[in-house]
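For reference, the structure is listed below as structure tokens.
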Amino acid sequence: WSEKVAALNALIEAGGEQPYKILNGNYTTLLRELKQLLGHTHYLVCSKALAAIGMLAEGVGEPISSDLKPLLPTIVPLFKDKKVGKAVMSCLDQMFGNALRFDHFLGSNDSFLSSLDEKKEKNALVRKSVLEFLSRCVVSSGSYGTCGTLTGQHAQDLSKISCDKLKDSDASTRKAATDVLVSLLNSKDEVIVSTTEKVTSTLQSSNPRAFKTLSLATKSGKPDASKNGVSRPGTAPLKAASSQSNKSGRTKARPTTAPKSKTANVPSAPAKNIPSSGAADEKFDEGTLPSLEESIDSLSALGIPQWGDDADNGGVLAGIQSSNWKQRMVALNNLATYYESNGDRQFSSIASLFVLVKACTKSFQESNFNVSKAILELFKALFNIYADRQAAPEAFLYAPIVKLAAEKIGDRKLSSSSLSCLDSICIVKDPQRVLQVATKAVDGVKSPLVHEALLVWIKSFSVNFGLTALSQGVKDVLVWILKECESNNMKVKNAARDVLGEMYTQLGSVLESFVKSSDVVSSSVSSMVEKVFKDGAYDPNANQVERNLKCIAMSSSNDPSGGSGKKGNASSMLALPTTDLMSALKSDCLDRMNDTGDKKSWRNRKEALDEVYAALGKCGGLLSTEGKAFSQLKQLAENLRLRINDSQSNLKPLAASVIGSLLSHVDDTAQAR
């Protein structure tokens, strides 16, 4: 079957781009071969054959009408197969108006109308679909082609047929017949409307309910085919595969919902915000993704092993749409295996794969942990493809998976997959955006296990990537961690404390200054954090250490830390406010600090030290070290060093405390100077 599909694809490609323009010729033999393929057992072969017939009907037109009309008895019964229903409708749409007229469908001896006879056609889906097609023909009549004219006689015939089908035993068929009548009554041609009204007037006595429905529908001006789909896809590319799969008797298809848009490009237009904890939001529009039908059609052409097999035999499409979790898991694992080997070659199909997996897994909200694990492993393989290509994934792809991994990170059965998936995403995407989505997702989860597990991962991230990878996103993460310090769960508190300890190792006094200046820190948390900082050891070279993992979206050749490509200035990452210390002191402070005139001068020196210490205590961030402010601080530091050897013994420890406080409010660069 795959060879036949490939040959049919080649035939369709030979027809060129739409709208098709094909030279007239002898296509009898080709159409005869295509007719034989309509009986093939595999739905893809049948769908592609229908696409080829539709292409010829649209491209050649009326000259081959005599060859197309005999195909109708073979094409119409295919409506009973849901997997090819859309392909059948699209093929008939391309026939009508381009090659076939209403007369070809409404002839008294025509087998097309026999498909509406409930005695001859037992399948209600066929009867309903034929009426839906006729309704579409009424709507699109005269809008394209040369064969779509609707006359008064046609309207009369259609009205009689539809009125008769209002007695059908199937409700959906009766509804489709009503739609045909509504479309005729809403026509802009007065002849069509008056002709239809004459026929439907008999319903007032024979079928009052139907007559009332028609009256209400025409008064409200409802478009007749709006409920049946687009008005005319005859000139649009035919998508042969449907959302239904081959399935065995005990396997039910899972309901799926496809995005409405049919644009196959990767999304770039802004529309919807990714969850954010404060930094610039990244926007994306899932409406620009391909539809589910287009996605299935695109993936069907890739040659994925076992794609079209039954679910019981490991079929990928049938399996992922199955209600059986084992079959969904097997299908996801097979997709992961395929993309691990062929991902770079099939990179352009990732958007289609995303649409299919999302539609078949309840938007990634699977209750079975085996299926959730398979989803995480599949997308981990996809992110590895992005890493190999040195490319960053779009927001539509990574944000839902970050949310899934963050929510499942506390599940011991899924913890390992969640952790490795988050690391894989941080390698290819700006980590601050990843942590924004993750912390936002965890905020909505009550379980302390999830909060603890995410804090443990953030510490691991800080070690493996380095905090420079977060750039200015450190501030948002730190605020979230400080909030977690207020948790009533001791394990969450301890995990938050461990993260702060690692952050202090890399950021040092700047982190301490930020916490002191933060408005979100309560007194209880403040005391705990001070103990963490007191027990911690700052490493001034931490930002230059070679890290195990790097973000390819941010790394540079001269940055061994794997961070943002900069040298990782802690004060710039936390955006601390600066204070001019000397302006907060009295003008004679330095003179009094150096006063050694008499035996009581030590009191002046102590007052000056106390004044400096008090000013530093009021400083909520860093001290200004720009221009003149730096030279003044340098002079102050020299005077404080003299007080370390003061003749008055009680001033020595005070001077040491002031020096320590001063250094805690100066960044690493200024300290080195």
Side-chain angles (χ1 to χ4, degrees), residues 43-44 47 81-86 239-248 250-262 264 267 286-287 289-302 304-340 343 346 349-383 393 396-405 407-408 414 417 421:
Y43 77 97
L44 279 179
S47 297
D81 188 347
K82 293 182 178 180
K83 297 187 293 297
V84 297
K86 289 184 180 293
K239 302 302 175 186
S242 83
S243 61
Q244 299 294 328
S245 64
N246 279 334
K247 49 190 179 291
S248 62
R250 62 184 181 87
T251 304
K252 297 180 180 180
R254 290 163 60 81
T256 57
T257 303
K260 294 181 180 180
S261 173
K262 296 188 176 183
E286 286 196 8
L289 289 171
S291 69
L292 179 59
E293 289 77 13
E294 289 176 322
S295 299
I296 293 175
D297 192 39
S298 174
L299 295 170
S300 300
L302 300 183
I304 299 174
Q306 297 180 289
W307 173 260
D309 293 353
D310 290 337
D312 288 338
N313 296 325
V316 175
L317 181 58
I320 199 171
Q321 294 180 323
S322 170
S323 60
N324 186 309
W325 69 263
K326 291 183 179 179
Q327 293 175 345
R328 296 200 303 279
M329 178 190 70
V330 170
L332 290 166
N333 290 337
N334 289 340
L335 286 170
T337 301
Y338 175 79
Y339 273 88
E340 285 174 355
Q346 307 296 356
S349 67
I350 289 180
S352 296
L353 178 64
F354 171 85
V355 171
L356 175 64
V357 176
K358 179 181 179 181
C360 297
T361 59
K362 304 176 183 177
S363 295
F364 311 112
Q365 298 301 311
E366 283 282 356
S367 57
N368 186 281
F369 81 91
N370 290 291
V371 182
S372 296
K373 183 176 181 179
I375 294 172
L376 291 169
E377 293 299 329
L378 169 60
F379 280 92
K380 178 183 174 182
L382 297 182
F383 294 129
F396 78 86
L397 183 65
Y398 83 86
I401 306 305
V402 172
K403 183 175 183 294
L404 171 65
E407 292 174 344
K408 301 296 184 182
L414 295 173
S417 297
C421 190

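What you are looking at is a predicted structure, and each value in this text was computed from that prediction instead of being measured. Positions are given from 1, in the same order as the sequence printed here.
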Problem - Side-chain donor-acceptor pair present, E377, S417, cut-off under 3.5 Å - result: yes
Problem - Side-chain donor/acceptor of S300 to backbone N/O of I296, under 3.5 Å - result: yes
Practice task
Among I350, L397, L332, L404, find the residue that satisfies the side chain to side chain contact (heavy atoms under 4.5 Å, CB included) test when tested with F379.
Solution key: L397
Problem - Considering all heavy atoms, the nearest E366-T361 contact - result: OE2-CA, 3.4 Å
Problem - Salt bridge E407-K403, side-chain N to carboxylate O under 4.0 Å - result: yes
Problem - Any donor-acceptor pair under 3.5 Å from R328 side chain to S323 backbone - result: yes
Practice task
Mind listing the closest non-hydrogen atom pair of V84 and Y43 along with its distance?
Solution key: CG1-O, 3.5 Å
Completion exercise
One should read off an interatomic distance between L353 CG and L382 CG, to the nearest 0.5 angstrom, of 5.5 Å
Completion exercise
Taken to the nearest 0.5 Å, the spacing of M329 CE from S322 OG works out to 12.0 Å
Completion exercise
Here the gap from L317 atom CG to D309 atom CG, rounded to the nearest 0.5 Å, amounts to 10.5 Å
Practice task
Measure the CG-NZ distance between D312 and K326 for me, rounded to the nearest 0.5 Å.
Solution key: 12.0 Å
Completion exercise
Heavy-atom nearest pair, I320 first then A331, reads N-CB, 3.5 Å
Problem - Gap separating the CD1 atom of I375 from the CG atom of N333, nearest 0.5 angstrom - result: 10.5 Å
Exercise for the section: State, with a plain yes or no, whether a side-chain heavy atom of I401 is found less than 4.5 Å away from one of F383. Expected result: yes
Completion exercise
Heavy-atom nearest pair, A311 first then A318, reads N-CB, 3.7 Å
Exercise for the section: Among F364, Y398, Y339, find the one that has a ring-ring contact (aromatic ring centres under 6.0 Å, His included) with F354. Expected result: F364
Fill in the blank from the handout: Correct closest heavy-atom pair for Q306 and G314 would be CB-O, 3.7 Å
Practice task
Output yes when a side-chain donor or acceptor of D81 lies under 3.5 Å from a complementary backbone atom of K83, and no otherwise.
Solution key: yes
Exercise for the section: Please name the residue in the list L378, L299, L302, V316 that meets the side chain to side chain contact (heavy atoms under 4.5 Å, CB included) test with Y338. Expected result: L302
Exercise for the section: Verify, without hydrogens or angle tests, whether E294 (side chain) and S291 (backbone) share a donor-acceptor contact under 3.5 angstrom. Expected result: yes
Fill in the blank from the handout: In this structure, OG of S47 is separated from CG of D297 (nearest 0.5 Å) by 8.5 Å
